[in-house]
Amino acid sequence: YDGKSYDDVLLNSYDGSMYEGEQLELLVDPEHPGNVAVPGFATMTLAGFGGSGALCLVTGLSLLIVPRVRRRRVGNLKQTGKRLDATVQEVAVLNNRTFNGVPGRQVRCTYEEGGQNYRFTSACAYWPVEDALHAGDHIDVYVNPNDYAKNYVDIPSADRLPSSKTYIDL
């Protein structure tokens with residue numbers, strides 16, 4: 001640089017397409033000529049890390065927002081929706097959906113109104129719903145009165161299930 005030769009100058013960047021003997025365009029700091037950089041490498045690094053950070057941010061925000069939206073939707077249906085007294089057809093065990101090795105369960109139920117039969121399916125639950133609900137039992141289903149496709153099957157939560165364990169005080 002400026003008529004002076006520098007040997008064994010370390011690059012602060014590397015690209016997999018670089019090979020020994022290749023001629024590179026370099027950016028040289030005039031005050032410290034031994035400090036060189038490859039043009040555009042900082043932009044690529046920033047784009048890579050920035051893209052990864054943006055992906056993590058979107059994932060984290062969705063994990064915070066989606067459950068709140070779902071709770072709000074269910075709360076609105078329970079407050080302003082129409083409550084139906086549906087009949088349980090089955091509690092299906094979904095072996096293809098597991099959480100910590102526990103298969104999911106879905107309650108499938110029907111409701112008849114004005115000669116029309118409606119079918120509803122609950123969200124996936126990972127506790128033994130079949131201990132509390134059986135075919136023929138009645139269950140609350142909350143629906144949007146204008147669109148029965150927007151519904152919520154009110155399955156019992158894990159803390160409302162009958163206990164299958166017996167404890168003896170000694």
Side-chain angles (χ1 to χ4, degrees), residues 12-18 38-170:
N12 60 358
S13 57
Y14 171 75
D15 182 351
S17 66
M18 293 180 182
V38 178
F41 188 78
T43 305
M44 290 184 342
T45 304
L46 180 62
F49 285 117
S52 297
L55 181 64
C56 290
L57 178 67
V58 167
T59 302
L61 286 176
S62 68
L63 290 173
L64 290 173
I65 293 171
V66 169
R68 288 182 178 171
V69 169
R70 188 172 292 142
R71 274 194 305 269
R72 183 176 294 146
R73 184 182 66 86
V74 168
N76 286 341
L77 274 177
K78 283 185 166 186
Q79 281 184 338
T80 62
K82 181 177 177 183
R83 186 178 65 79
L84 307 177
D85 186 29
T87 304
V88 174
Q89 296 301 310
E90 70 172 328
V91 176
V93 177
L94 308 173
N95 290 316
N96 61 339
R97 286 190 184 177
T98 61
F99 180 73
N100 289 338
V102 177
R105 278 106 165 140
Q106 276 186 331
V107 177
R108 297 178 181 153
C109 54
T110 58
Y111 175 74
E112 186 180 336
E113 180 178 74
Q116 188 166 354
N117 213 6
Y118 296 95
R119 291 181 175 199
F120 302 104
T121 304
S122 74
C124 196
Y126 294 97
W127 54 88
V129 178
E130 66 273 12
D131 290 351
L133 291 174
H134 306 91
D137 289 350
H138 291 271
I139 189 168
D140 290 337
V141 176
Y142 296 90
V143 297
N144 179 328
N146 302 320
D147 184 6
Y148 279 22
K150 296 178 180 175
N151 63 70
Y152 171 70
V153 179
D154 194 15
I155 59 175
S157 62
D159 58 345
R160 291 183 4 213
L161 292 177
S163 177
S164 60
K165 298 180 180 176
T166 305
Y167 298 97
I168 301 172
D169 289 348
L170 298 177

Would you list the atom pairs, donor with acceptor, under 3.5 Å between side chains in residues 95-102 and any protein atom, with sequence neighbours excluded?
none

Supply the atom-to-atom distance [X] [atom1] to [Y] [atom2], rounded to the nearest 0.5 angstrom.
X: Arg105; Y: Leu94; atom1: CZ; atom2: CG; answer: 9.0 Å
X: Tyr148; Y: Leu84; atom1: OH; atom2: CG; answer: 5.0 Å
X: Leu63; Y: Ile65; atom1: CG; atom2: CD1; answer: 10.0 Å
X: Glu112; Y: Tyr118; atom1: CD; atom2: OH; answer: 10.5 Å
X: Ser122; Y: Ile139; atom1: OG; atom2: CD1; answer: 7.0 Å
X: Leu133; Y: Gln89; atom1: CG; atom2: CD; answer: 12.5 Å

Problem - Test log, rule side chain to side chain contact (heavy atoms under 4.5 Å, CB included), inputs Lys150 and Val143 - result: CA-CA 6 Å; Lys150 296 178 180 175; Val143 297; over 6 Å; no
Problem - Heavy-atom donor-acceptor pair, Asp147 side chain to Asn144 backbone, under 3.5 Å - result: no
Handout entry: Expected output: side-chain Asn151 to main-chain Ala149 donor-acceptor under 3.5 Å
Key = yes
Problem - Sidechain N-carboxylate O distance under 4.0 Å for Lys78, Asp154 - result: yes
Handout entry: Polar side chain donor-acceptor pair, Gln106 to Thr121, under 3.5 angstrom
Key = no
Practice task
Please report the shortest heavy-atom distance between Tyr111 and Asp85, naming the atom on each side.
Solution key: CD1-O, 3.6 Å
Problem - Closest contact, heavy atoms only, Ser62 versus Pro67 - result: O-CD, 3.9 Å
